[in-house]
Amino acid sequence: MSTPLTTTPVIYAPKQQDAPLQFPARSRLSRLIDALNRNSLRVLLGISALYLAITITQASIRLLWFDEFITFYTAKLNSVRAIWHALANGIDPNPPLTHILVMWSMRIFGDSSLAVRLPAILASGLGLVCLYLFLKKRLPVTYAAVGTLFFMATAAFEYSYESRSYALTLGFAMLSLLSWRWTIEGRHPNRAAAVMAIALGLGISSNYFAVLAFFPIAAGEFVRTLERRRIDYRVCLALAIGAVPLYFYLPLINHAIATFSPHAWNKVRFRAIDDSYEQMLEAIFLPALVTICAGLGIYLYERKRRFMPPVLPRHEAVAVFFQMLYPVIAYFIALVRGGMLSPRFVLPLCYGFAIAAAVILYKLFARSAAATALVLLILLGWVVTREAVFASDWINQRTALFRVRDRIPPWADTVVVSDSLLVLPLNYYSPRLRGRIIFPVDFTAIREYKGEDSPEQNLWSGRNVFPVPIVPLHSLQNVQDEYFIATTPNNWLLQKLRADGIAVHKVPIYPGSQDIRGFTPLCHGEVFYYQVGRGRSVPGLQLTVEDHAR
């Protein structure tokens, strides 16, 4: 049942008044907003339908990319023991839950891109529902919808249909925050505490940076303890139990740090904090900052004049603030232990901004039906337009990869793909090339010319799992003096061969793969073809002026 609403900000007492939010003018628009506020379940079902329509469509259009193929082939080992063994060997610096869920999904639904991404879609959907329920307790239904749509307008939403650990991190982070409130205010605090402990533990079993979900709850509980002058041992016990999985994953964590940290692409840099906010919030970052500044002004004014009580209780406000601080906390954790940090590790920060934006927009516009409707329409239009652009990008990316595949000449008996992001997608989506593709490895050259070796470490550690031969470069050169290369112009292999005095000729075929990069790239750049050795002439093909320029 929807939480009743008032004309003033909702107080955080568990029981609230029964009067719905009323607008002064009883216009048709006012009645529509009132109707939405009285139909919480229908609004949630509408948002859920929009979420599923977008994620299922995008998951079906979008090609699997390198990171997802790591999940895919690890899950195809088809046993928990084999998955654990592969992770222990360093195929993926993540805990096993994502791979196990994908394994079960593929057992039931097959290995289509949708089946592989289904656990992520469901997990992120869980987070979206939890966000809506969290907001609905304190705000009118329309503003709970505002917060939910705000989240869907961020870059974090794109990980909802990616078969990696990040969607699970999102879902369990929001579930743990909601269950913390249930533990404090709900009718079944023991059950809620158990849910919180399970959510925290499952988060850590998805991604080690899910340990960040402990900080908002711990900070909020600390404030609550000071206010109550007593410790809630139920919450403390749930936090302690939720952290237990870390002990079992220590061998995996230590091995991952030793393998990937020395030459990682995402080494810890202070700039990662800025990047996390800018990349995850994208274009909505500036409007969000303006909104939050306006809300801060309202808060200071009301505090000075002793107006209405806050929408969120202090302990919840602190928890949300710490959720917004995810990049800062993650930076110091990675600096002390881990040595790697990427914006995708801190996705739940978008929940914090979504909650803050919903609360502030409510304070600004709740008395105006027109303003409320306009905010909803803007966010809905933002989400739909943004996803339409992404769908177009996924289609263009698919076309670019297929051009690379289809323009590899049939006489290329050995196709060396030295770009780490390209090799698995090209092999998977190119049935006629299977058995001809090889990935060479020379870590000294990779580190010298590329500067990092993270994906190469994934491939080398999983060389007995992935369906592509992954061999040392010197072994390839011992048995092949002529081979065809598909890679980017400045790839490490080309630089290594030229430095060694080996002739490398550019093949006059232009794939037209400029769209192969994007949000999740299928290659580090545009693809070109090269020939080592004598090579062959390509009848009827001439480089155009445009090709020479490229």
Side-chain angles (χ1 to χ4, degrees), residues 3 9-13 127-140 143-154 156-157 169-185 196 199-200 203 210-227 235 239 273 276-277 280-281 284-285 287-300 302-303 309-330 346-364 366:
T3 303
V10 181
I11 303 175
Y12 56 84
L128 207 67
V129 171
C130 290
L131 174 63
Y132 178 83
L133 295 177
F134 187 91
L135 289 167
K136 186 178 72 69
K137 176 75 173 180
R138 309 298 187 207
L139 297 171
Y143 283 90
V146 163
T148 309
L149 290 172
F150 183 98
F151 171 79
M152 294 174 68
T154 67
F157 181 66
T169 303
L170 283 169
F172 295 133
M174 198 62 229
L175 176 60
S176 65
L177 192 66
L178 180 62
S179 56
W180 170 55
R181 178 198 279 167
W182 289 340
T183 304
I184 295 170
E185 298 181 3
M196 180 172 68
L200 291 168
V211 71
L212 293 169
F214 287 75
F215 286 84
I217 296 173
E221 192 59 29
F222 177 75
V223 170
R224 183 168 167 264
T225 299
L226 292 179
E227 291 176 340
V235 173
L239 289 170
I273 298 175
S276 297
Y277 288 111
M280 290 302 101
L281 292 167
I284 208 168
F285 184 39
L289 280 181
V290 172
T291 302
I292 289 170
C293 290
L296 182 61
I298 293 172
Y299 169 76
L300 294 175
E302 289 184 350
R303 184 177 180 182
V311 176
L312 297 179
R314 185 173 291 129
H315 58 272
E316 283 186 9
V318 168
V320 170
F321 178 68
F322 268 74
Q323 205 167 39
M324 296 165 69
L325 286 180
Y326 259 42
V328 179
I329 303 169
V346 295
L347 295 181
L349 77 91
C350 296
Y351 286 141
F353 275 86
I355 294 169
V359 169
I360 295 166
L361 289 169
Y362 167 66
K363 298 279 282 185
L364 290 171

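None of the values given here were measured: they were computed from a predicted structure.
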A.B. asks: Please identify each residue that fulfils side chain to side chain contact (heavy atoms under 4.5 Å, CB included) with Leu325, with sequence neighbours left out.
C.D. replies: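 Only Tyr277, Phe321, Val328, Ile329 meet the side chain to side chain contact (heavy atoms under 4.5 Å, CB included) criterion with Leu325.
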
A.B. asks: Locate the shortest heavy-atom distance separating Gly352 from Val320; write the atom from each residue and the value.
C.D. replies: O-CG1, 3.5 Å

A.B. asks: Are Leu133 and Lys136 packed together at the side-chain level, in the sense that at least one heavy-atom pair is separated by less than 4.5 angstrom?
C.D. replies: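 The answer is yes; the side chains approach within 4.5 Å.
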
A.B. asks: Which one of Leu131, Leu128, Leu347 satisfies the side chain to side chain contact (heavy atoms under 4.5 Å, CB included) criterion with Leu170?
C.D. replies: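 One option only clears the test, and that one is Leu347.
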
A.B. asks: Please give me the minimum heavy-atom distance between Leu135 and Ala358, naming the atom from each residue.
C.D. replies: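 So the minimum-distance heavy-atom pair works out to CD2-CB, 4.0 Å.
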
A.B. asks: Would you confirm whether Thr154, through its side chain, and Phe150, through its main-chain N or O, come within 3.5 Å as a donor-acceptor pair?
C.D. replies: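 Checking the backbone N and O of Phe150 against the side chain of Thr154, no donor-acceptor pair under 3.5 Å is found.
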
A.B. asks: Let me have the donor-acceptor pairs involving side chains of residues 210-222, under 3.5 Å, with sequence neighbours excluded, atom names and distances please.
C.D. replies:
{"residue": "Glu221", "atom": "OE1", "partner": "Trp180", "partner atom": "NE1", "Å": "2.8"}
{"residue": "Glu221", "atom": "OE1", "partner": "Arg224", "partner atom": "NH1", "Å": "3.3"}
{"residue": "Glu221", "atom": "OE2", "partner": "Arg224", "partner atom": "NH1", "Å": "2.7"}

A.B. asks: Does the side chain to side chain contact (heavy atoms under 4.5 Å, CB included) test come out yes or no for Met196 and Leu177, once each step is laid out?
C.D. replies: CA-CA 8 Å; Met196 180 172 68; Leu177 192 66; over 6 Å; no

A.B. asks: Would a line drawn from the ring center of Phe151 to the ring center of Tyr351 be shorter than 6.0 Å?
C.D. replies: yes

A.B. asks: So how far is it from Cys350 SG to Gln323 CD, rounded to the nearest 0.5 Å?
C.D. replies: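 So the gap between those two atoms works out to 9.5 Å.
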
A.B. asks: Report the C-alpha distance between Glu316 and Ile355 in whole Å, list the side-chain angles of each, state the deciding distance to 0.1 Å, and finish with yes or no for side chain to side chain contact (heavy atoms under 4.5 Å, CB included).
C.D. replies: CA-CA 10 Å; Glu316 283 186 9; Ile355 294 169; over 6 Å; no

A.B. asks: Step by step, work out the side chain to side chain contact (heavy atoms under 4.5 Å, CB included) result for Arg138 and Arg181.
C.D. replies: CA-CA 12 Å; Arg138 309 298 187 207; Arg181 178 198 279 167; 3.5 Å; yes

A.B. asks: Between Leu200 and Phe172, is any pair of side-chain heavy atoms under 4.5 Å apart?
C.D. replies: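 The answer is no; the side chains never approach within 4.5 Å.
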
A.B. asks: Is the closest side-chain heavy-atom distance between Lys137 and Leu178 below 4.5 Å?
C.D. replies: no

A.B. asks: Applying side chain to side chain contact (heavy atoms under 4.5 Å, CB included), run through Met324 and Leu349 and close with a yes or a no.
C.D. replies: CA-CA 5 Å; Met324 296 165 69; Leu349 77 91; 5.8 Å; no

